Every structure is written in C-alpha cells, then in structure tokens.
2 protein chains.
Amino acid sequence: MSIRNPKQALYEQFAIVAKALGHPLRLEMIEHLAQGARSVEALAAKLGQPVANISQHLQALRRAGIVSAERDGKFVHYALADESVLDAFASVRAVAERHVAEVDRIVRGYFDARDQMLPVSRDELQALMRDGLVTLIDVRPPDEFALGHVPGAINVPLSEIKVWSVGAAADREVVAYCRGPWCVMSFEAVSALRSLGHSARRLEDGMPEWKAAGLPVEMAA
Amino acid sequence: MSIRNPKQALYEQFAIVAKALGHPLRLEMIEHLAQGARSVEALAAKLGQPVANISQHLQALRRAGIVSAERDGKFVHYALADESVLDAFASVRAVAERHVAEVDRIVRGYFDARDQMLPVSRDELQALMRDGLVTLIDVRPPDEFALGHVPGAINVPLSEIKVWSVGAAADREVVAYCRGPWCVMSFEAVSALRSLGHSARRLEDGMPEWKAAGLPVEMAA
DNA sequence: TCGTCATTCAATGAAATGATTGAATGACAG
DNA sequence: CTGTCATTCAATCATTTCATTGAATGACGA
C-alpha cells in the first residue's frame, strides 16, 4: 500500500471501486438496492444469504462509495449512492456482452430464443401505452412495486402469472418488466404468457433504468 | 463455480469484467493501451514491470474481453477491445470521484490547487484553436504522439518543457494534454509553465477521450 | 535445422478475499 | 436499567489472487 505517486494512489482508489463490483453477489445486491433502499436484514432475506455475510459485502460497497447508509432507529437502510452506480454497472455489463463469449453462450442456453423475445424499448412502450394498445405488467414482488413503478403498470408477481392470465384479454399484447435487463422474471413471465396463448414481450430493461432515464414513476397509494 | 441459474451465471461473467478492472496496475495498462496498441514487452517497459507479470495481467484482461490480441510475427500486439472499455473505466472513475473521500484527499494533496488549474473543455479548446488564441502542447512521449494527436498540437515531452518554454511566446496561453484526465504529466507541465511565467491550463482529459468523442486525430507524417 | 527472441506457462510462496460462526455494539421498548 | 433486536465486529479456515522465477512454446532468420 505504499503510495509512490499520485497517479498510483488514485488508481488504487479506482481499483477499489471496480473490485467492489467484482463479485456476483455484490452485483446482485446492487440490482436489489436499485429497486429501493433496504435494511441489511431485508436484503439478506431477498438474496437468501446470512445477514453477517451481506453486512460485510455492504461494507465493501460502502468503502467504494457505491452505497450509502442511513440509520433509522434499529435499522440501517442502504441505498445506491446515486445513478452513476447504475452507469458503472451498465458499462461493465456492456463490455461483457460485447466481448465475453461465455455471456453469449449463457444467453443462448438459458434465455431461450431471446431473439424471438424482441424487447420493447422505453420509447416504444410509451407510445404503445399512450395509444392504449398494450397491458403493462410489473412482475416484481409487491414490495418492490410499491416503492415505484411505471405509471399504468399492474403488479403481477411471477407466481401469479397463470392465474392472472386467465382473466386477461387474450387478444391484447402484454409487456412485462422487472428489475433490469437481465432480470429473469420478465423472461419467464413472457415465456409463460406465450405458452398460455398470449402475445407478450419484454421491456428492454427494468425499473431502475426507467427511473434513471428521468421518466415518471408512480408510487403505491 | 456451480451454475445455479442463468442470472447468477451472467453476474459471474459481469464480475469477471469488473474484477479485471479491479487492480491498479491493470488500470494503468488500460490507460497505456488507450494510447495505441502495444506489445507485451513495450507495455512492460512503459510500466517498469517484469514482462511475465504484464503478460499475466494481459491474460486476465483478455479473459474479461477488455483487450484483444493480435499476433504479428514474433510480437503479440494488445489493444483495447473497443471504446466501451473507456466508458467502463470512466464510469468507475466517476463513482470514485463522487463518493470516495480518499480521492478528494489525494487530489488536494498532490495535484496542488487543482481548482486553480481550471481545465479547458474539448469544446472550448476547439474554439480557442479555431481562433488561433492558444498553443496546444501534447506532453506525452514521442511514440505516443506519433500514434495519434490532436490536430495542431506540438509534441513537447515533459522532460523538454523548460527548454521549449524559453523559445515560446510568453504572452500566449498554452494548453497541455496527455493520456487522460488523471495523467500527471499535464498537471506537471502546467505547473512548470506557470512557474516560468507562462499562462497555462490543462485540457480536461486526454487523447483517448478526444478520439472516443469522434474528434479528428492527426498521425505523425 | 538451429539459434534467437517475444511471449506464455507452471510452480512457488506471500497476501488478500470470502464464508461462517459467535460475540460485541448500539438503539429502542418496557 | 434491562431485555430485545438489527447490525457490526472478530476470528477462523478455505480459496483466490499476485509477483517472481525459471522453463516451455512458437515464430522468425541464418
């Protein structure tokens, strides 16, 4: 840790930030925190991880300036420091998507026929909604929906897709979104709806990106 | 390494990219590669590191899709995979600049009175150059200058600043740039010129950013 | 074919990171 | 003041990363 010159010292700091992003669990934590602030316990529950482990990773994220902590009584609520964190996540993701062959392999293997799931862009969705042509569903859990969702969206958690689809008009296209571009829930929702005879597509990305783009967000009543 | 679900598998890939950025030496390697393609040996020489070490770090960067390798006879030339790498670097840097207190401390301590070194933006520089109001100097080593520089710039390596300044008009403002926003050379150049009685400022960032912005680049004759 | 040279690989040990456990801290309610 | 509960800290061990060394690979030129 010998600081020899200012550039190396700075690069060491930059490396701390990148290193903090360099762990799959921490990336997943960021995805969840992008939906809204969470306590350590809540986050641990979402991710199915021991509290102490999550706490430690949160410290790493905090040292890197990626999340901010705010004490509220017994709880400490962690949130993303700001939108620049999503930028960093997105640009790391972009590098991987463009150049890491393994990413392509995974996408082909798991997200079946992704090409056929041609995603809807934000602009396109706004036009479709304005003209009342589609039903927009938010497939995230109710608590995340409550913290902010696209205006006009209906909350249909993944587990209730089948039940919901029965009552939905079969001739109306459905657009689904969830936490972000690689959140599996919207993929599965679209897949399920299609197998039930509905016309369905995904939004190209999720709630945090919608919000970061400065588009209106609706809160639960 | 058990792949449980596609999201985790993807996040593991994203983490590989971030982890590859998570080392100061690799960041410095990226800065140098952003000036142009380099062989392992050349890069090792620039950084004053053993060749084998650089080679290993290059492998890590290659696995992450950050650099591409091209064999040319005995040499393997490494280059950045594309501009998205600079985006990722820049956004990681942005997070650090905004939220890591240590960065601020280093900047204040070493880059003395950085506020007084009000940097020139690219747009401003273009206007100043168009009107012939400033002398633009590129303080990088000649080999990097030869691989591409801002049109109209004069190559004045840091070591020759004092000699050069003697013959330069003292009443004409000088703008200096080098490898990037935190490259120390332009800071030192400005500092040296000012102490010699010249009016001098830095360009806000360096050559790679200039090029990435789609602005014209001049090559050595 | 042989020697040379750039690069990569393999092996070693030192250091950092990650997960787990249980104990410590700090704030609130009674 | 005491008990409870969310969070953090400390200690441990397994795993990974890092730098260094020296040997292997692979392409070129004689």
Side-chain angles (χ1 to χ4, degrees), chain A residues 1-4 8 11-30 32-33 37-64 66-79 143, chain B residues 1-4 8 11-30 32-33 37-64 66-79 143:
Chain A
M1 198 63 105
S2 71
I3 293 174
R4 306 215 301 216
Q8 286 181 4
Y11 277 26
E12 225 155 279
Q13 299 303 316
F14 301 159
I16 287 173
V17 174
K19 212 179 292 189
L21 293 174
H23 192 288
L25 180 55
R26 284 195 292 261
L27 289 178
E28 225 176 324
M29 290 168 63
I30 290 171
H32 280 274
L33 291 177
R38 294 262 178 277
S39 69
V40 178
E41 197 183 25
L43 194 55
K46 286 263 179 198
L47 295 169
Q49 288 282 326
V51 174
N53 195 13
I54 294 297
S55 176
Q56 295 213 128
H57 283 299
L58 281 170
Q59 301 308 315
L61 290 172
R62 204 166 59 144
R63 272 192 300 277
I66 289 172
V67 306
S68 60
E70 193 181 340
R71 178 139 224 152
D72 174 24
K74 279 191 203 178
F75 298 81
V76 176
H77 289 284
Y78 283 91
D143 61 315
Chain B
M1 197 63 107
S2 70
I3 293 174
R4 306 214 301 215
Q8 286 181 5
Y11 277 25
E12 223 155 282
Q13 299 304 317
F14 300 159
I16 287 174
V17 174
K19 211 179 294 187
L21 293 174
H23 191 287
L25 181 54
R26 286 194 291 263
L27 290 177
E28 224 177 323
M29 289 168 63
I30 290 171
H32 279 276
L33 290 177
R38 293 262 179 277
S39 68
V40 180
E41 197 184 23
L43 195 55
K46 284 264 179 199
L47 295 167
Q49 287 283 324
V51 173
N53 195 15
I54 294 299
S55 177
Q56 296 212 123
H57 283 299
L58 281 170
Q59 301 307 315
L61 290 172
R62 205 165 60 146
R63 273 192 299 276
I66 290 172
V67 305
S68 61
E70 192 182 340
R71 178 137 223 154
D72 174 24
K74 280 191 204 178
F75 299 81
V76 176
H77 289 283
Y78 284 90
D143 60 315

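These numbers were taken from a predicted model, which means no experiment stands behind them. Residue numbers begin at 1 in each chain, while the letters A, B, ... track the order of the sequences.
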Engineer: Just N and O in the side chain of His57(A): are any of them under 4.0 Å from OP1 or OP2 of dA19(C)?
Structural biologist: yes
Engineer: If you compare every side-chain N and O of Ser55(A) against the phosphate oxygens of dT8(D) (OP1, OP2), does one of them come in below 4.0 Å?
Structural biologist: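 Yes, such a contact exists.
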Engineer: If you check the Val51(B) side chain, which of dA27(C), dT17(C), dT7(C) turns out closest?
Structural biologist: dT7(C)
Engineer: Could you tell me whether the phosphate oxygens of dT7(C), OP1 or OP2, come under 4.0 Å of any side-chain nitrogen or oxygen in Lys74(B)?
Structural biologist: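 Result: no.
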Engineer: Applying a 4.0 Å non-hydrogen cut-off, can you work out what Ala52(B) is touching in the nucleic acid: base, sugar-phosphate, or nothing?
Structural biologist: base
Engineer: Between dT7(C), dA19(D), dT7(D), which nucleotide has the shortest distance from any of its atoms to the side chain of Val40(A)?
Structural biologist: dT7(D)
Engineer: Between His23(B) and dA16(C), is there a side-chain N or O to OP1/OP2 distance below 4.0 Å?
Structural biologist: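 No, outside the criterion.
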Engineer: State whether Gln49(A) places a side-chain N or O below 4.0 Å from either non-bridging phosphate oxygen (OP1 or OP2) of dA19(C).
Structural biologist: no
Engineer: Any idea which heavy atoms bring Leu27(B) and Tyr11(A) closest together, and the distance?
Structural biologist: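 The pair with the smallest heavy-atom distance is CD1-O, 3.6 Å.
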Engineer: Can you measure from CE (Met29(B)) to CD (Gln49(B)) and round to the nearest 0.5 angstrom?
Structural biologist: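 So the gap between those two atoms works out to 9.0 Å.
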Engineer: With a 4.0 Å cut-off on heavy atoms, is Gln56(A) in touch with a base, just the backbone sugar-phosphate, or nothing at all?
Structural biologist: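 The answer is base, as Gln56(A) lies within the cut-off (heavy atoms under 4.0 Å) of a base atom.
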Engineer: For Arg26(A), report the nucleic acid contact type (base, sugar-phosphate, nothing); a contact means any heavy atom under 4.0 Å.
Structural biologist: sugar-phosphate
Engineer: Counting side-chain heavy atoms from CB outward, which of dA6(D), dT20(C), dT7(C) is closest to Phe75(B)?
Structural biologist: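 Of all the options, the side chain of Phe75(B) is nearest to dT7(C).
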Engineer: Within less than 4.0 Å of OP1 or OP2 of dA6(C), is there a side-chain N or O belonging to Tyr78(B)?
Structural biologist: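 Checking Tyr78(B) against dA6(C): no side-chain N or O falls below 4.0 Å of OP1 or OP2.
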Engineer: Can you label the angle between the His77(A) ring and the Phe75(A) ring as parallel, tilted or perpendicular, going by 30° and 60°?
Structural biologist: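 Rings of His77(A) and Phe75(A): parallel, as their planes differ by under 30°.
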